[in-house]
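As structure tokens, the structure follows; a few thoughts come after it.
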Amino acid sequence: MKDIYIIANWKSNKTAGETNAWFSKIADLEKNRKNRPAHLHIILCVPYTVLYISKQHIASYKLPYHIGSQNISPFPHGSYTGEINGSQIKEFGEYVIIGHSERRELFHETEQHLQQKVMQAKVAGLKIIYCISDEAQYIPKEVDLIAFEPISAIGTGNAFDPDKAEAISAKINKRFPEIPIIYGGSVSKENINNFLSKPDISGVLLGKASLDASDFFTILTWI
Ligand code: PGA
């Protein structure tokens with residue numbers, strides 16, 4: 001059975017109080033879960049401000065989840081006001097998202113920035129979830145997961161056609177046979193299986209659908 005990755009991207013959502021409530025709710029639901037498939041990897045990419053408490057909740061509630069950040073400084077530690085570097089993330093998380101289309105578009109991240117970020121993540125020992133919105137975009141060979149997220153599907157409620165997502169994932173898979181391909185963009189409990197049933201898609205990246213603990217838990221139990 002292939003490994004499946006369910007990645008939550010909370011984006012710029014949740015205060016510490018809301019994070020506490022999310023974990024308390026999901027821990028309650030997880031208590032009664034009978035089946036925790038070993039091939040299922042659950043990664044929560046949370047805001048920097050709640051990395052610490054998320055790690056604490058996962059340990060204290062004994063949840064089988066991993067933590068990631070949504071960004072990383074392109075620089076090491078030092079005089080880079082406002083930046084969070086790889087070793088600071090590594091204290092709390094194992095993964096980092098690099099190249100999300102919101103960062104490319106709204107924060108003007110260039111291929112050069114992304115290369116620097118990939119390098120910093122590698123130096124820190126973080127696993128990289130690398131996002132592309134188009135198969136023509138450059139993919140560094142050092143990444144651990146590739147997330148294909150077409151712009152038209154992100155946050156719009158209009159998921160991509162699963163057959164088209166599969167065709168593009170198959171092409172990427174040919175170029176990077178060792179790296180799992182994830183689909184992202186308006187995935188919900190209603191459509192998730194249309195993507196996970198495809199042979200070249202090994203998981204999903206969930207934005208909106210990860211914000212409510214009950215919805216997120218429902219998705220986990222369907223796999
Ligand atoms: P969405 O976000 O699920 O809300 O469309 C996905 C993403 O941007 O990673």
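When a ligand or atom number is given, it counts from 1 through the structure's own listing order.
Counting heavy atoms under 4.0 Å from ligand 1, residue Ile154 touches it through both backbone and side chain. With a heavy-atom cut-off of 4.0 Å, Ala153 touches ligand 1 through its backbone alone.
Of the listed options Ser101, Ala8, Gly207, Gly207 places a heavy atom closest to atom 3 (O) of ligand 1. Evaluated by nearest non-hydrogen atom to atom 2 (O) of ligand 1, the leading choice among Lys11, Glu149, Gln70 is Lys11.
Residue contacts with ligand 1: Ala209 is excluded, as none of its non-hydrogen atoms falls under 4.0 Å. The closest approach between any non-hydrogen atom of Gly155 and ligand 1 is below 4.0 Å.
When only interatomic distances are considered, the shortest N/O to N/O separation between Thr156 and ligand 1 does not fall below 3.5 Å. Checked against a 3.5 angstrom limit, the closest N/O atoms of Glu102 and ligand 1 fall outside it. Among the atoms of Leu205, none of the N or O lies under 3.5 angstrom from an N or O of ligand 1.
The number of heavy atoms from other shown groups lying within 6.0 Å of CZ (Phe176) is above 12. Within 6.0 Å of the NZ atom in Lys25, the count of heavy atoms belonging to other residues, nucleotides or ligands does not exceed 12.
The shortest side-chain heavy-atom distance between Leu145 and Ile7 falls under the 4.5 Å cut-off. In this structure, Cys131 and Ile98 have side chains that are not in contact, with every pair of non-hydrogen atoms separated by 4.5 Å or more.
Those atoms of ligand 1 that come under 4.0 Å of a heavy atom in Gly185, given as number and element, are 5 (O). Using a 4.0 Å cut-off to heavy atoms of His100, the atoms of ligand 1 that qualify are 7 (C), 8 (O), 9 (O). Taking every non-hydrogen atom of Asn9 and a distance limit under 4.0 Å, the qualifying atoms of ligand 1 come out as 9 (O). Each of the atoms 1 (P), 3 (O), 4 (O) of ligand 1 lies under 4.0 Å from some heavy atom of Lys208.
A salt bridge is absent between Glu142 and Lys122; no separation between the charged side-chain nitrogens and carboxylate oxygens falls under 4.0 Å.
Shown are Ile42, Leu44, Ile26; of these, the side chain to side chain contact (heavy atoms under 4.5 Å, CB included) with Leu63 is made only by Ile26.
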- Item | Test ring pair (Phe, Tyr, Trp, His ring centres under 6.0 Å) applied to Phe148 and Phe160, step by step | CA-CA 10 Å; Phe148 168 60; Phe160 208 56; 5.7 Å; yes

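A donor-acceptor contact closer than 3.5 angstrom links the side chains of Glu190 and Ser188.
Here the shortest heavy-atom pairing between Ile67 and Ile58 reads CG1-CD1, 3.4 Å.
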